[in-house]
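Inspection log for the structure reproduced underneath, given as structure tokens.
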2 protein chains.
Amino acid sequence: MRRTLRARQQLFMEGDEQTHVYLVKTGAVCLYRMLRNGRRQVVGFKLPGDFIALGADPHYRCYAEAIGPTELRSFQTWAFHAAAALNARFMLRLYEAVGRDLTRSQEQAVSVGKRDADGSVAAFLLSVAGRLLPGEGRGTMSLPMSRADIADYLGLSLETVSRVFTGFKRLGFISLRGRRGVQLMDRAALRAVADAGGDNGAPARLLN
Amino acid sequence: MRRTLRARQQLFMEGDEQTHVYLVKTGAVCLYRMLRNGRRQVVGFKLPGDFIALGADPHYRCYAEAIGPTELRSFQTWAFHAAAALNARFMLRLYEAVGRDLTRSQEQAVSVGKRDADGSVAAFLLSVAGRLLPGEGRGTMSLPMSRADIADYLGLSLETVSRVFTGFKRLGFISLRGRRGVQLMDRAALRAVADAGGDNGAPARLLN
DNA sequence: CGATTCGTTGATCGGGGTCAAAAACGGTGG
DNA sequence: CCACCGTTTTTGACCCCGATCAACGAATCG
């Protein structure tokens, strides 16, 4: 089934019975958990080509809401699982997809736990670029998510994210166009900042 | 195959070709990633009954090392996948297991990103107790992992973890016996501390 | 065009990191 | 059982990164 969402429209809530699996066609979806004190931890961004709500849990484990206008393809969970059980190749695809989600989540844990603000944002930009842009050179992308979304994903405040963005711009690592446009000018420098992770003046070029 | 590890013995390293999947029989295994400045982020603890290295990635995405003396059962990855391709039921089990790992990793991100030090440690103690102890009342457990392991899992310094432990002891929330023994004296208080800066009151399952 | 949301910049402050050292633990061997 | 020693944990003092509070600027939209 097709499904179209407006900006900030909710797809499902944490604790809801899992009825559907979704595939993002265009736009972007933000997965998050709400905290008792009103705070929010973003646990993932879903971009075109990504599946939402994989895993065989009977309940959704987070909230899902469209960041901007978004088109989805939805599948009934039971039918999805039935198809997977009949097609080993398809099942393997799903297995791989969840594995990628897990790897990305662990990478997020590294950013939140062990990198400083600069390192977190640098790693984030590279990660998103890897998903939104084809090549490895300079490329301009339109970040679907706001500064606040990025901050809630990285465990930072939106002010800090903004400061790091302008800092990178001053250093010539990126260039900003309008509200959401970002061009990576120097991936190697970003890579170095991400790898340094927090030690000012660390080598960061020993490997690779 | 059977495999026995001594304390701190490495099972595999990040980037190694994935040759085996493991099942923990006794002991405990610590999964972590390293930054190039020597900082370490623990991404999960594997206890008896847990699988290690699920997901169809051709390379291991983290380091794995025994925390103490540990017994494992190992399977060749290719055989594992072959068996999965032939047995939809088995494949589903793996799919579910990876999904659980993903959920736990996301919950770890929530804890690391949105709780203060007290809340993180409180949630950690409760989640460990949920896995190591049967009941819900007071119970004494022996933490397999060191303060440093806990710190690297929660994105804190080992000194801070130690200070929080001492603080909880002073408040009568826990009592400490020897180096690794912990008795939960007041789960409700710990839960309150965890919820104060924590998530939606959902049962915390931080351990991988 | 206001109006409104989002992003940037500035000033201040505190939680927790860091460095340092003492203390407690747990083996080991006498 | 006790003395010794390496390791882990605890405690203390200091300080910095990033959160917070607060304006201000700048896109988007009706």
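Residue numbers start from 1 in every chain, and the chains themselves are labelled A, B, ... in the order their sequence lines are given, proteins ahead of strands.
The side chain of A:T160 places no N or O atom within less than 4.0 Å of a non-bridging phosphate oxygen (OP1 or OP2) of D:dG18. Side-chain N/O atoms of A:R147 include one lying less than 4.0 angstrom from OP1 or OP2 on C:dT8. Residue A:R180 places no side-chain N or O under 4.0 Å from the OP1 or OP2 atom of D:dA26. A sub-4.0 Å separation between OP1 or OP2 of C:dT9 and a side-chain N or O of A:T166 is present.
Here the two rings, on A:Y153 and A:F45, have centers that are under 6.0 Å apart. In this structure, A:F80 has its ring center under 6.0 Å from that of A:F51.
Nearest to the side-chain atoms of A:R179 among the listed nucleotides D:dT7, D:dA27, D:dG18 stands D:dA27. Between D:dT8, C:dA20, D:dG18, one nucleotide has an atom nearer to the side chain of B:R8 than all others, and that is D:dT8. Closest to the side chain of A:E159, from the set D:dT20, D:dT10, D:dA27, is D:dT20.
Residue-level contact check: B:L158 touches the bases, meaning some heavy atom is under 4.0 Å from a base atom. Within the nucleic acid shown, A:G181 has no heavy atom closer than 4.0 Å to any nucleic acid atom. Nucleic acid contact for B:L176: sugar-phosphate only, since backbone atoms but no base atoms lie under 4.0 Å from a heavy atom of the residue. B:S146 comes within 4.0 angstrom of the backbone, heavy atoms only, and of no base.
The distance from the CD atom of A:E136 to the CZ atom of A:R187 is 5.0 Å, given to the nearest 0.5 Å.
Between the side chain of A:R163 and the base of D:dT20, at least one donor-acceptor pair of N or O atoms lies under 3.5 Å. For A:R39 and D:dT20, a side-chain-to-base donor-acceptor distance below 3.5 Å is absent, hydrogens and geometry of angles not being considered.
Annotation for B:P48 and B:K25: closest pair CB-O, 3.3 Å, computed over non-hydrogen atoms.
Here the C1' atom of nucleotide D:dA19 and the CG atom of B:D116 are 13 Å apart, to the nearest Å.
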